[in-house]
Structure formats: C-alpha cells, structure tokens
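These notes are about the structure you will find just below.
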Amino acid sequence: MSRKSSGFVPTMGALHEGHLTLMRQARSENDIVIVSIFVNPTQFNDAVDLEKYPRTFERDCELLKNAQIDALFAPDADEIYPTPMDTIIDVPLLSKGLIGKLRPGHFQGMASVVTKLLNIAQADRAYFGEKDYQQLAIIKRMVFDLNIPSEIIGVPIVREADGLAMSSRNMRLSSKERAAAPIIYKTMERALNKHTLGETSVNALIEFITDEISAEPLATIKSIDIVDAENLQPMTIINRPAALLLNVQFGDVILIDQSII
Ligand code: PAF
C-alpha cells in the first residue's frame, strides 16, 4: 500500500473563511488533513492582546465538522510548554523590521511554536495565509535553514465583499470600526493603480497611502512599508517585485493587509 500524504493547517482558532480556504487547499492536495487550534501565548508581546484574542472553540468545532478534515489537534498550553522553553527560534534578518519592530518578540514566539507544531504534525505540506506576509517569509526561511521536511504553501488572502481581509481579529471591531476598515483595501488598490500608471517612488506611494488613511478618523496608522518582496529589506524605487505591507489600528485592534507590487 502506498504511503498517504498529509497536509497541516496550524491556526489559533476563531476560524473564518480564510482558514477554511487553507483547509480546502490542503484537502485537494493531500490524503489526510490535520488542523491545529492553539492560541500560542509566547507570540503575544502584549498581555491584553492575548487575553482579548477571540476564543470560539465550540463554534470552530462546528465549522470543522463540514470542513472534511481528518484530525484536530487542540492542545493546552501545558502540553505544548510542559516547562518554559529554553530554545528560541529566531530568524533575525526577516524578523527584526516591520511588524517585528511593532511587536518585539512576536516572531520568535511564532517561529518557535510553528517549529514545534511542524515537528508534531510531521506533515508533507503545511498551509499559511499570505495575509501574514512577514510571518510566511520567516516560516519559509526557517524551514529551509533547519531542513524541516514539510513543504510550506502560501495561500492568497480571502476578502470580505467590501475588500476587508478576513482575520480572526475582525470580530473584535465595533460596527463603526468594521464599516471604516475597508479603507485599508481601497487605499491599497488606489496606490497599486498609481504604480500601474507609472509611480515608482516608494516615498510618494507611502505619502499617498498615509494621506488617504489618515483622513479616516477611526484609523490610526501603525506602519506602512514597501519592501523587497524576497528579503523584506527597504527599497526606494520599485524596480523589482515589492511587498506593500500595512498595519492600521481601529480601536484596540491592529489589522494587517498586504499586496505584491
Ligand atoms: O497565523 C497564525 O494563526 C499563527 O501565527 C500560527 C501560524 C498558527 C502560529 O501560532
């Protein structure tokens, strides 16, 4: 009998259509699909953010009943961290800028738990959303550097009808914040149009995006970056593939979005 292939979708729960898309792709490419739900405390640099992170386990299980998966791994923190970790996975070149600057320690916690989860799942393929662009770049690099035998597959962003990128954090927005949040996508689209019409200056594009988003009173810009799509290093002129990365806060929720230029 030939060996069955397996696909792994690690999540922190509060599942939405974006997660279900990862699972559908895993289903179509593997014999066995494993999903994990674990709100990893070590990747939260802010105790309030960890406390407020949505936990909807019963509802998640209901959604998973129709998701045609084969196994759910939903460990307690004690199971993943029987003792505090003495090993930290750090991918400093890709981690230190962008979100890494806003959330010190976040990517070390994320990379360390993803290493543990990949080792536990032992899957042929693992699926991650492209919305978390920096996270995906770090995971790909770490898997390459450490010879972790799972292929890392990035899956395009899934959006609401009004363009807002799907995220577990969206459910923490008030109705007014939710109505305002699509400004991120709309501005990103307009900036991409400007680039298509010939604007290649990173500064000019960032200034345009800043002005547009600042006009929305409920939005606070945390960061806007245009970086080399491969190594995430800063650039001044878009003369090779670039990633536009946005972090915008509504209330106490930071939303992220991205597009490749
Ligand atoms: O993207 C997430 O949901 C988390 O960062 C991950 C990859 C499941 C690690 O905890």
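Start at 1 and go down the list; that is how both ligands and their atoms are numbered. Everything quoted here is computed from the prediction, not taken from an experiment. Position 1 is the first residue of the sequence; numbering continues from there.
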For this session: Let me know which of Val248, Ile206, Thr187 forms a side-chain contact (heavy atoms from CB on, under 4.5 Å) with Ile224.
Result: Ile206
Problem set entry | Taking atom 10 (O) of ligand 1 as the reference point, the nearest protein heavy atom with its distance | Gln43 OE1, 2.7 Å
Exercise. Would you call Asp124 and Arg3 a salt bridge, taking side-chain N to carboxylate O under 4.0 Å as the test?
Worked result: yes
For this session: Decide, yes or no, whether a salt bridge links Glu189 with Lys186 under the criterion of side-chain N to carboxylate O below 4.0 Å.
Result: no
For this session: Can you sort out which atoms of ligand 1 are near Pro10, meaning under 4.0 Å from one of its heavy atoms?
Result: 8 (C)
For this session: Select one of side chain, backbone, both or neither to describe which atoms of Val114 lie under 4.0 Å from any atom of ligand 1, heavy atoms only.
Result: side chain
Exercise. For ligand 1, is there an N or O atom under 3.5 Å from any N or O atom of Gln135?
Worked result: yes
Exercise. Which heavy atom of the protein is the closest neighbour of atom 3 (O) of ligand 1, given with residue, atom name and distance?
Worked result: Met12 CG, 3.6 Å
Exercise. With a cut-off of 6.0 Å (strictly less than), are more than 12 heavy atoms of other residues, nucleotides or ligands near CD of Gln233?
Worked result: yes
Exercise. Can you list the atoms of ligand 1 that are under 4.0 Å from a heavy atom of Val113?
Worked result: 9 (C), 10 (O)
For this session: Consider only side-chain N and O atoms of Asn40 and Tyr81, and report whether a donor and an acceptor are under 3.5 Å apart.
Result: yes
